[in-house]
Novice: 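Handing you this structure, nothing more for now.
All values below were derived from every heavy atom in this structure, side-chain atoms included, with hydrogens, water molecules and symmetry-related copies excluded. Protein chains get the first letters and strands the later ones, always in sequence-line order, with residue 1 at the start of each. Predicted model only: the values in this text are computed from it and were never measured.
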Amino acid sequence: MSEETSKNMKSSAFSLAIYLTAFLSGLLVLLYPFFLPAISPQTGFASMRQGQMPVMMTVLLGICLLVLLFESQGTVLNTKLIALLGILVAINSALRFIETAIPGPGGFSPIFFLIILVGYLFGGRVGFLMGALTLAVSALVTGGVGPWLPAQMFTAGWVGMTAPILKPLARVASSTLQRKKPLNDNVEIVLLALFGLAWGFIYGAIMNLWQWPFIVGPQNQSYVSGMGLVSTLQHYLAFYMVTSLVWDIVAAAGNVLLILALGKPALRALRRFHQRFGFRYETGLSVASRSHERGITE
Amino acid sequence: MKQPWAWVGWLVATLVILSITRNPLYLLLVLLCVVIVGISVQQSSPGFTRPFSLWKLATWIILLATIFNALTSHFGTTVMFTIPGKLPLISGRITLEAIVYGATNGLVLTGMLASFAVLNIALPVRDMIGLIPRAFFPLAVVSSIAVTYLPTTMRQFRQIREAQAIRGHQMRTLRDWLPLWMPLLVGGLEHAMQLAEAMTARGFASPSMPSKGATLYPRLAMILGLLLLAGGWILQLGDSETAGLILLLVGAAFVLGGLWSVGRKSHRTSYHRQDWTWKDGLGLGIALAVLLLCTLSVPMLGKETLFYDPYPSITLPAFNPFLGAVLLGLVAPSLMTGRLRDQETTGNEAVHPAGS
């Protein structure tokens with residue numbers, strides 16, 4: 001095994017370890033109300049420290065996000081992806097800008113459509129960057145920078161990062177159904193729409209977790225220190241149903257409608273450019289020397 | 001005060017203080033400081049328009065937070081009135097304690113929003129991109145391209161819409177967006193192709209960029225740091241708060257150290273570097289001093305007065321005049337603002353890898 005191959009394998013193992021630890025650490029931060037009873041049966045948690053928790057959560061999520069961004073950016077160390085990502089983020093931020101100026105109903109947001117498609121076609125890392133940077137750049141231009149931003153970037157990044165899991169599903173579905181090409185496209189779009197539907201709810205549920213422990217509400221919906229896991233889940237579910245379900249139904253339906261209406265041609269265009277972006281630049285010297293090695297004289 | 005890091009210091013101090021106190025008197029004082037700084041920054045940035053009115057937004061936030069909490073939280077002993085019937089959530093006693101708690105939450109949210117709004121006015125977008133650490137230079141370039149291309153995208157969208165309208169295109173269903181969306185997307189992708197060629201022609205992404213193999217040790221430090229952070233988080237949630245906090249600090253140091261180590265290898269140039277002036281140093285120093293005095297236990301300041309809970313029976317919030325005087329330090333940037341937006345034309349910063 002060459003030294004270069006061994007280095008690459010080591011680097012891939014590091015990458016996997018970084019993604020896993022950053023993802024799990026982020027989840028630990030967000031899901032703490034559910035496992036807190038197992039590690040601390042105290043009941044006085046909601047006093048002085050409750051004021052510090054949002055800051056600590058923001059800082060820790062921010063650090064996890066920094067690590068994930070650093071690891072993901074390794075894929076965009078070439079001009080083609082930098083330019084492509086920059087332009088796609090600009091287009092998506094423009095969509096959010098329009099959404100801010102003319103708010104859609106409920107939680108509808110047009111940005112997840114492109115994040116899902118880009119993640120699906122260009123891979124999880126590019127999808128993660130697309131999601132996280134869309135939220136960051138659009139927050140910069142709409143004045144939406146706030147303590148919620150790391151959680152938003154983290155979650156939107158994961159929308160794009162998880163999109164490639166649909167690829168094997170689409171392959172299996174196509175081969176099972178023995179479909180021809182145009183129908184294969186339909187299978188793909190339906191899968192992407194279902195994925196958008198699921199993330200419409202998951203995104204809302206995760207973003208709620210960021211604030212739920214600090215909201216004082218009805219007793220059966222609030223977070224109460226010292227409750228067991230099942231009771232905490234029941235309270236959160238009740239809170240989610242009352243405050244967020246309708247909002248997220250609109251968000252999920254918006255994702256589905258956008259993907260069904262605009263997804264197919266957008267996917268075709270992105271796929272065409274994905275192939276066009278597949279070329280490699282080579283310096284004149286290296287091309288000449290390879291031609292020489294192959295015995296080609298021009 | 002023009003240096004972006006000095007503004008970040010002020011923002012951090014304001015946010016931390018807003019997060020650790022629920023005392024409405026201190027919250028009002030902090031909000032007053034933020035508003036004064038906001039007004040002075042607004043006056044120093046002629047021509048800058050906010051996308052929304054902060055006053056209207058603040059009124060809505062405080063009003064909504066108060067109403068929401070009053071209607072949904074029926075705790076407290078001072079009953080104002082009772083909503084009869086069996087309406088889910090709403091029916092029950094409306095208490096003064098719930099109203100005060102809701103209004104306090106609204107004040108915190110307003111303070112946070114207002115302080116970010118001040119930062120948005122004080123710093124041009126290019127300065128904010130300049131704050132991206134060196135380790136993230138590809139992302140800084142991506143953000144820079146996105147921010148630069150955004151107005152062009154908006155202009156293109158308007159042009160496409162006008163062109164389609166001239167052809168008689170009408171927007172009735174979602175699919176009618178297709179003739180607007182596709183030219184915008186394809187045009188953008190073509191532009192990306194040209195941009196990539198131009199960047200390569202100018203020598204961007206040369207082989208001298210740090211490879212992944214060269215970052216193994218910093219990445220190892222990051223993994224260690226993340227594990228320490230996770231361990232520290234669990235410990236501080238449990239009974240070992242101090243040990244947990246120490247682990248959290250060590251973990252954060254590992255992660256940030258790893259990033260710093262990678263960042264050292266990328267070179268950054270600025271057309272016009274924003275130098276530190278004595279005003280920037282003083283502004284940052286005051287912000288950090290306020291932050292430290294409010295978070296550490298200084299005997300005279302009465303840190304415990306920061307905490308206030310109106311439940312179960314409302315009481316008057318305590319107020320320590322010394323702590324109040326310390327909080328007034330957050331108004332310092334308003335005394336040090338020059339013409340902030342002058343720097344917008346000179347704040348162009350290029351981020352590129354070493355050797356390119």
Side-chain angles (χ1 to χ4, degrees), chain A residues 7 10-11 14 17-18 21-22 24-25 28-29 32 36 39-40 48 51-52 54-55 60 63 66-67 69-70 73-74 76-80 82-91 93-94 100 133 136-137 140-143 145-147 216-218 242 257 261-262 265-266 269 273 276 281, chain B residues 15-16 19-20 22 51 69 72-73 89 101 112 116-117 120 125 128 135-136 138-139 141-143 145-147 149-150 153-154 157 174-175 177-178 181-182 185-186 188-189 191-192 195-196 199-200 204-205 209 212-213 216 219 222-223 226-227 229-230 233-234 237-239 252 255 259 307:
Chain A
K7 253 187 184 175
K10 215 185 277 178
S11 182
F14 267 88
I18 286 180
T21 41
L24 292 176
S25 306
L28 268 181
V29 172
Y32 86 89
L36 187 61
I39 54 171
S40 170
M48 186 73 173
Q52 301 165 358
V55 179
L60 291 180
I63 291 176
L66 282 182
V67 176
L69 284 174
F70 170 77
Q73 73 174 0
V76 292
L77 281 173
N78 71 71
T79 48
K80 286 171 286 175
I82 284 180
L84 179 74
L85 204 55
I87 301 289
L88 288 175
V89 167
I91 293 175
S93 303
T100 312
L133 291 180
V137 170
L140 280 177
V141 294
T142 57
V145 179
V216 174
V242 171
L257 287 174
L262 313 175
F273 274 89
R276 281 181 66 185
Y281 295 104
Chain B
L15 289 180
V16 171
S19 306
I20 59 173
R22 279 290 183 280
N69 202 56
T72 57
S73 171
L89 270 179
Y101 194 90
M112 286 182 170
F116 274 105
N120 281 319
V125 172
M128 289 203 202
F136 297 95
L139 297 189
V141 180
V142 170
S143 308
I145 291 171
V147 168
Y149 188 68
L150 189 66
T153 310
M154 302 291 284
F157 179 75
L174 203 57
R175 281 194 78 82
W177 279 89
L178 212 54
W181 165 245
M182 285 313 292
L185 179 67
V186 175
L189 290 169
H191 190 87
L195 190 63
M199 284 165 76
T200 308
F204 188 87
M209 288 167 111
K212 277 200 153 186
L216 283 184
R219 288 159 80 204
M222 284 181 222
I223 295 173
L226 283 172
L227 290 173
L229 280 176
W233 175 247
I234 291 172
L237 285 174
D239 298 328
V255 172
L259 290 173
F307 179 66

Novice: What are the two closest non-hydrogen atoms of A:Ala83 and B:Ala192, and how far apart are they?
Specialist: CB-O, 3.4 Å
Novice: Relative to chain B, which of A:Ala94, A:Ala17, A:Ser93 shows the most heavy atom pairs under 4.5 Å?
Specialist: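 Of A:Ala94, A:Ala17, A:Ser93, A:Ala94 has the most heavy-atom pairs under 4.5 Å with chain B.
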Novice: Mind checking the CG-CH2 spacing from A:Leu262 to B:Trp181? Nearest 0.5 Å is all I need.
Specialist: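 Rounded to the nearest 0.5 Å, the CG-CH2 separation comes to 7.5 Å.
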Novice: Please name the pair of heavy atoms, one in A:Ser25 and one in B:Ala230, separated by the smallest distance, quoted to 0.1 Å.
Specialist: OG-CB, 4.0 Å
Novice: Taking all non-hydrogen atoms of both residues into account, name the closest pair between A:Ala269 and B:Leu189 and its distance.
Specialist: O-CD1, 4.2 Å
Novice: Please identify, among A:Leu24, A:Leu69, A:Leu88, the residue contributing the most non-hydrogen atom pairs under 4.5 Å to chain B.
Specialist: A:Leu69
Novice: Using heavy-atom distances under 4.5 Å, tell me whether A:Leu84 contacts chain B through its side chain, its backbone, both, or neither.
Specialist: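 Answer is both: backbone and side chain atoms of A:Leu84 are under 4.5 Å from chain B.
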Novice: Please find the pair of heavy atoms, one from B:Trp233 and one from A:Leu60, that lie closest to each other, and give the distance.
Specialist: CE3-CD1, 3.2 Å
Novice: Using the side chain to side chain contact (heavy atoms under 4.5 Å, CB included) rule, take B:Leu259 and A:Val67 through it: C-alpha gap first, then chi angles, then the decisive distance, then the call.
Specialist: CA-CA 8 Å; B:Leu259 290 173; A:Val67 176; 5.5 Å; no
Novice: Just give me the residue among B:Val255, B:Leu195, B:Leu178 that pairs up with chain A most often, heavy atom to heavy atom, under 4.5 Å.
Specialist: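 Result: the option with the highest number of such pairs is B:Leu178.
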Novice: Taking only residues two or more places apart in sequence, or in another chain, which ones meet A:Phe70 in a ring-ring contact (aromatic ring centres under 6.0 Å, His included)?
Specialist: none
Novice: Hey, could you give me the CG/CG distance between B:Leu139 and A:Leu85, rounded to the nearest 0.5 Å?
Specialist: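 It is 8.0 Å, given to the nearest 0.5 Å.
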Novice: Specify the closest pair of heavy atoms between B:Pro138 and A:Gln73, including all atoms of both residues, with the distance to one decimal.
Specialist: CD-OE1, 3.3 Å
Novice: Hey, could you give me the CD1/CG distance between A:Ile87 and B:Leu185, rounded to the nearest 0.5 Å?
Specialist: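 One gets 11.5 Å once the value is rounded to the nearest 0.5 Å.
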Novice: Does A:Thr21 have any side-chain contact (heavy atoms from CB on, under 4.5 Å) partners at least two apart in sequence or in another chain, and if so, which?
Specialist: B:Ile223, B:Leu226, B:Leu227
Novice: What residue, out of A:Ala22, A:Ala136, A:Pro265, has the most heavy-atom pairs lying under 4.5 Å from chain B?
Specialist: A:Pro265
Novice: Enter the distance from B:Ile234:CD1 to A:Leu28:CG here, rounded to the nearest 0.5 Å.
Specialist: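 Here the interatomic distance stands at 5.0 Å.
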Novice: Please report the interatomic distance CD1(A:Ile18) to CZ(B:Arg219), rounded to the nearest 0.5 Å.
Specialist: 5.0 Å
